[in-house]
Amino acid sequence: NLDGYKLWLNYDKIEDPQLASDYSNLVRSIYLSNSSDILKNAQNELGRAIPRLLEKNGSYTATIQPENTLIIELFEKLPSDLRLQLENDFRTTNDEGFLIKTISYKSNPVTVISAKKDIGILYGVFRLLHLMQTHQKLTTIDLIDSPKVKLRMLDHWDNLDRTVERGYAGFSLWNWQKLPGYIDQRYIDYARANASIGINATVLTNVNANALILNPMYLDKVEALATIFRSYGIQVYLTARFSAPIELGNLKTADPLDPDVQNWWKNKAAEIYKRIPDFGGFLVKANSEGQPGPQNYGRNHVDGANMMATALEPYGGIVIWRAFVYSEHDDTDRAKQAYDEFLPYDGKFMDNVLVQVKNGPIDFQPREPFHPLFGAMKQTPLVIEFQITQEYLGFSTHLVFLPKLFEEVLDADTFQKGKGSTVSKVIDGSLYGNTLTGMAGVANIGTDLNWTGHPFAQANWYGFGRLAWNPYLSAETIAEEWLKATYSSEKAFVEPLKKMMITSREAVVNYMTPLGLHHIFDTGHHYGPGPWVDDLGRPDWNPVYYHNADYNGIGFDRTPTGSNATEQYAKELETIYNDTRKIPEKYLLWFHHLPWDYKLKNGIDLWDGLALKYQEGVNQVKDMITTWKNAKPYLTEGQFKEINMLLQIQLKEAEWWRDACLLYFQTFSQRPLPKGVDKPA
Ligand code: GCU
C-alpha cells in the first residue's frame with residue numbers, strides 16, 4: 001500500500017468528461033524548451049502528470065508553432081507578439097514568479113506559462129498541474145504570482161546517524177552511508193514536493209548536530225544532494241557548529257576575533273563553494289541550550305555572526321543566526337530573555353546576516369503570543385521559525401492543522417510602526433524595506449512511507465510552503481487546496497473536512513493548554529501532560545514555573561506586578577495585555593495570574609471555564625471522528641482506517657490531558673468539576 005507516498009502530487013485521473021476534454025485540448029500541442037536541468041524537470045513533471053490525469057500523453061513541438069495550445073518559455077525567449085501582450089504583467093513579477101495566461105498567437109488562443117527565470121517556469125508548471133488536480137476551469141486563465149518571501153526554507157533537525165531530533169516520521173531521509181554514489185529516488189521526490197509549493201532552501205542538519213558535516217568526506221555527500229536539489233531550485237544550507245575550528249581544525253579556540261579562527265572559516269567557506277557554487281550558507285545555534293558560541297570567549301552574537309558572514313560574503317552566502325536563547329543563570333522570565341539579549345544588537349549585523357526568531361517567546365507551544373522581537377528589531381531582517389514537526393502538538397499521532405497556528409501569528413499586529421504592522425509585513429520585508437527575507441519551518445519529514453507519519457501532517461508541510469510563498473494566504477484556502485489535491489475535489493467531502501482541519505488546532509489548544517497555559521508537558525519528550533513536574537535541575541524547565549498554580553489561582557504574571565514581559569510589546573498591545581478586561585482570553589494565563597473564582601467574560605468562574613475548555617477539546621476530537629466517518633465514501637478502506645485509528649488514539653489522549661490536568665489543578669482549586677465536564681475515566 002503506497003497510500004500517501006505521492007503526497008499532494010497524486011495526479012488522479014480526471015473523471016469529469018468536460019474537464020478531461022478541456023484539459024486534453026490544453027495539452028494537445030505543447031512547446032517547452034528543455035535547455036536546462038530545471039526546465040527538464042518541468043518537462044518531466046508534465047510527462048509524469050498528464051498521462052495519469054488524462055490517460056494520454058501530451059504532444060510536444062520542437063519550436064514554437066501557431067498550432068501550440070500551451071507554450072512554456074522564458075519571457076525573453078517568447079516571440080515578440082507574445083512578449084508584447086505580456087510585457088505589462090511582467091512588471092509585477094519577480095525573479096521566481098510566473099504567469100499562466102490565455103492570450104492569442106497568430107489568431108489562435110494559446111495558454112502561455114512564462115517567467116523571467118527557469119525556476120519560475122518550473123513553479124508555473126507545478127501550479128498548472130495543481131489547478132488540474134483540483135479541477136479548476138482552465139479554458140481561459142489569467143494568473144500572475146510571485147513569492148513574497150525570498151528564503152522559503154525547511155530546517156531539518158537531522159543528525160548524521162540518521163536520527164531526527166523531534167522527528168516523528170522515521171529516520172532522516174539523508175542516507176549518508178550510501179551517498180554520494182547512491183541517489184535515492186526519495187531525494188528527487190522530496191525536491192519535487194518542495195518545488196511544487198515553492199520551497200527553495202533546505203538546511204540538511206540539526207541545529208544541535210556535531211561539526212562533522214563540514215568535513216570533506218561529508219561535503220562530498222552534501223554536494224551530491226545539492227546537485228539534485230539545484231535542478232529543482234533548492235539551495236542547500238548547513239548548520240555550523242561554532243566550535244568546529246577546534247573540533248575539526250585542531251585550533252585551541254573558536255574565538256571569533258582570533259585571526260586563525262577567522263581564517264579557518266574563510267578556508268572552510270572556500271572549500272564548500274568550490275564544490276557547491278550556489279551553497280546557501282550557515283544556520284547557527286550558538287550559546288543556546290548549552291551549544292558553544294562567541295560568549296564562551298567573552299564575545300557576543302554580533303561578533304560571532306559577522307565573523308561567519310565575512311567568510312561567506314565573497315560567495316554571496318548568508319548566515320542565519322538563531323535567537324532562541326535563554327539561560328539558567330538568568331532569573332529573568334524566560335519569555336523576555338531573547339528580546340533583552342538581541343534588541344541591543346539591532347543594526348549591528350552585517351548585511352548578509354538574518355536573525356531567526358521562533359514564532360513565540362517560549363518554544364513552539366500550541367499557542368503563544370507572537371515573539372516581541374517581531375517589529376521591534378527594525379534594522380535586522382528576521383526569519384520567522386515555525387515548527388512543522390509537532391513536538392508539543394501530539395507528534396505524528398494527533399491531527400492538528402498547523403497553518404491555522406501560522407496564520408494567527410502572521411496576522412498578528414505588532415503595532416511597531418503603527419496599526420497594521422503585522423508579523424507578515426515584518427517577514428516579507430514590506431514593513432521596514434528589507435530585501436533579504438525568510439521563513440523557516442522545522443521539517444516533519446522522515447523515511448516513513450507517507451513522509452510525515454500522520455497522513456494529515458503532510459498538510460502542514462504543504463501549508464508551510466504555501467505560507468512561505470505568500471504569508472497572506474488563509475489557512476482555509478490552504479486546507480481546501482490540500483484536500484482537493486490529496487483526496488478529492490468533491491464539495492461534499494471538502495467542506496466538512498476543511499472545517500475539521502480548521503478546528504483541529506483549537507481542539508489541541510483546548511485539551512492541552514487552554515486559556516494561555518503553556519509548557520506543562522512532561523519532561524524531555526514533550527508528549528503527554530506533566531503540569532506537576534517541579535524537580536528538574538533547571539527551574540526554567542519545570543512546568544510549575546509556567547503555570548504557577550496555587551491555592552489562590554493560576555497563571556504567569558507577566559504584567560508590571562510580575563515579570564513585566566508585556567513592556568516588550570508596542571504600547572497599544574502592552575495596554576491590552578496588561579488589562580484582564582481587554583486581553584483576548586486565549587492569552588489570559590500567559591500574562592496573568594488570576595484567582596480561581598476570577599470571572600471570565602461569559603460570567604463563569606475561571607476554574608469552571610478552564611475545565612469546560614478541556615472538555616471542549618475532547619468534544620472537538622469526537623466531532624472530528626464523526627466527520628471522518630462521514631467521509632468514508634470518498635476514501636479507500638486503507639485511508640479511512642489509518643486515520644480512524646489515529647483519531648481514536650487522539651481522543652483517548654485528549655481525555656488523558658483533560659483528566660491529568662484537571663485532577664492536578666483541582667488539588668489547588670479545591671473545587672468540583674462543573675456540569676458538562678466528564679468525570680475522569
Ligand atoms: C526545543 C527542542 C529542542 C531543540 C530546541 C531548539 O527546545 O525541544 O530539541 O533543540 O528547541 O530549537 O534549538
Side-chain angles (χ1 to χ4, degrees), residues 153-169 171-172 203-211 213 237-243 282-293 295 301 304-305 319-328 330 334-335 337-338 341-342 354-368 371 373 382-396 402 405 409 438-446 464 512-513 518-530 533 536-543 545-546:
M153 171 178 266
L154 284 181
D155 288 3
H156 288 268
W157 283 1
D158 294 15
N159 299 310
L160 296 183
D161 64 3
R162 297 191 77 180
T163 55
V164 180
E165 179 150 342
R166 312 301 179 186
Y168 315 108
F171 287 93
S172 168
V203 185
L204 300 179
T205 42
N206 187 4
V207 287
N208 297 321
N210 60 39
I213 191 72
Y237 289 69
L238 294 173
T239 46
R241 191 171 157 84
F242 202 78
S243 51
F282 294 138
L283 170 66
V284 191
K285 173 175 178 177
N287 294 121
S288 157
E289 298 188 327
Q291 294 300 332
Q295 292 169 359
H301 290 291
V319 172
I320 301 174
W321 195 267
R322 292 176 90 230
F324 180 61
V325 295
Y326 62 101
S327 162
E328 71 269 42
D330 185 346
R334 172 174 167 188
Q337 292 186 30
E341 198 167 327
F342 273 80
L354 294 110
V355 171
Q356 182 158 303
V357 180
K358 288 190 181 182
N359 62 270
I362 297 285
D363 191 11
F364 299 137
Q365 298 300 295
R367 169 166 283 133
E368 299 189 37
H371 199 297
L373 277 172
L382 299 186
V383 177
I384 192 166
E385 180 176 324
F386 288 119
Q387 198 182 42
I388 313 172
T389 192
Q390 292 168 234
E391 174 179 356
Y392 296 94
L393 286 134
F395 295 5
S396 57
L402 294 177
L405 185 167
V409 178
M439 194 186 292
V442 179
N444 62 347
I445 304 162
F464 167 78
M512 287 184 178
T513 55
H518 52 285
H519 212 295
I520 56 173
F521 294 77
D522 205 356
T523 310
H525 51 71
H526 299 158
Y527 189 70
V533 176
L536 302 178
R538 291 177 60 161
D540 56 348
W541 282 350
N542 282 328
Y545 169 95
Y546 296 94

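Whatever order the structure lists them in is the order used to number ligands and atoms, beginning at 1.
- Distance alone, capped at 3.5 Å, places no donor-acceptor pair between the D155 side chain and the V203 backbone.
- In this structure, a donor-acceptor pair under 3.5 Å is present between the side chains of N206 and N159.
- The single protein non-hydrogen atom nearest to atom 10 (O) of ligand 1 is N208 ND2, 2.8 Å, given as residue, atom name and distance.
- Protein heavy atom closest to atom 8 (O) of ligand 1, with residue, atom name and distance, is E391 OE2, 2.5 Å.
- Atom 11 (O) of ligand 1 has its closest protein heavy atom at K358 NZ, 2.9 Å.
- Atoms of ligand 1 lying under 4.0 Å from any heavy atom of E289, numbered from 1 in the order shown and given with element: 4 (C), 5 (C), 7 (O), 10 (O), 13 (O).
- Put simply, the side chain of T389 gets close to the backbone of R166: a donor and an acceptor are under 3.5 Å apart.
- When each atom of ligand 1 is checked for a heavy atom of D363 under 4.0 Å away, the hits are 1 (C), 7 (O), 11 (O).
- Within ligand 1, counting atoms from 1 as listed, the ones closer than 4.0 Å to a heavy atom of F324 are 5 (C), 6 (C), 7 (O), 11 (O), 12 (O), 13 (O).
- Not close to ligand 1: Q387, with no non-hydrogen atom less than 4.0 angstrom away.
- E341 and Q337 share no side-chain donor-acceptor pair at under 3.5 Å.
- Side-chain contact of Y545 with R334: a donor-acceptor pair under 3.5 Å is absent, judged by distance alone.
- Between H526 and the options F395, Y392, W541, a ring pair (Phe, Tyr, Trp, His ring centres under 6.0 Å) holds for only Y392.
- If you number the atoms of ligand 1 from 1 as listed, the ones under 4.0 Å from a heavy atom of E165 come out as 3 (C), 4 (C), 9 (O), 10 (O).
- Given atom 13 (O) of ligand 1, the protein heavy atom at minimum distance is K285 NZ, 2.6 Å.
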